[in-house]
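Here's the structure we're looking at; comments come further down.
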Amino acid sequence: MPRYFFNLRHGAGASGLAIDPDGDELASVEDVRAHALMVARDLIDRTPVHSVRDWFECAFEVTDENGQPVMTVPFGDTVTEEPDEA
């Protein structure tokens, strides 16, 4: 199963990138996106408000085992717009 690395980007420049040294084995690109969103939601829920001012400035820059970019998943994608049910 392929291994993907979920590097956390916050802000611009190299100092705004936290490298994922371990990665996670996932079966498909769809699983990669779902995993990124799940981890993003967990980080938002568990991190004290004063630690990160705006989670929507963050994104996972996902790479494969060869360091090649796979996708970028903005934390803003954790918010889904659902129609109001009347």
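Pairing each heavy atom of Asp31 with each of Ala27, the nearest pair is OD2-CB, 3.5 Å. Shown here for Thr63 and Asn7, the closest heavy-atom pair between the two residues is OG1-ND2, 3.5 Å. When every heavy atom of Pro74 is checked against every heavy atom of Ala59, the shortest pair comes out as CA-CB, 3.7 Å.
For His35 and Phe6, the ring centers are positioned less than 6.0 Å apart.
Tested against Thr78, the residues Leu43, Leu37, Val73 include a single side-chain contact (heavy atoms from CB on, under 4.5 Å) partner, Leu37.
In this structure, the side chains of Cys58 and Leu8 come closer than 4.5 Å at one or more pairs of heavy atoms.
Contact check on Glu65 versus Arg3 returns no salt bridge, with no Lys/Arg side-chain nitrogen under 4.0 Å from an Asp/Glu carboxylate oxygen.
Using the six-membered ring where Trp is involved, Phe60 and Phe75 have ring planes that are tilted, between 30° and 60° apart.
Under the 4.5 Å side-chain contact rule for hydrophobic residues, Val39 and Phe5 do not share a cluster.
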message: Under the criterion side-chain contact (heavy atoms from CB on, under 4.5 Å), I'd like the reasoning laid out for Tyr4 against Leu26: C-alpha separation, chi angles, the key distance, then a yes or no.
response: CA-CA 7 Å; Tyr4 298 93; Leu26 297 160; 4.1 Å; yes
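Among residues at least two apart or in separate chains, side chain to side chain donor-acceptor pair (under 3.5 Å) pairs with a member in residues 67-77 are Arg33-Asp77.
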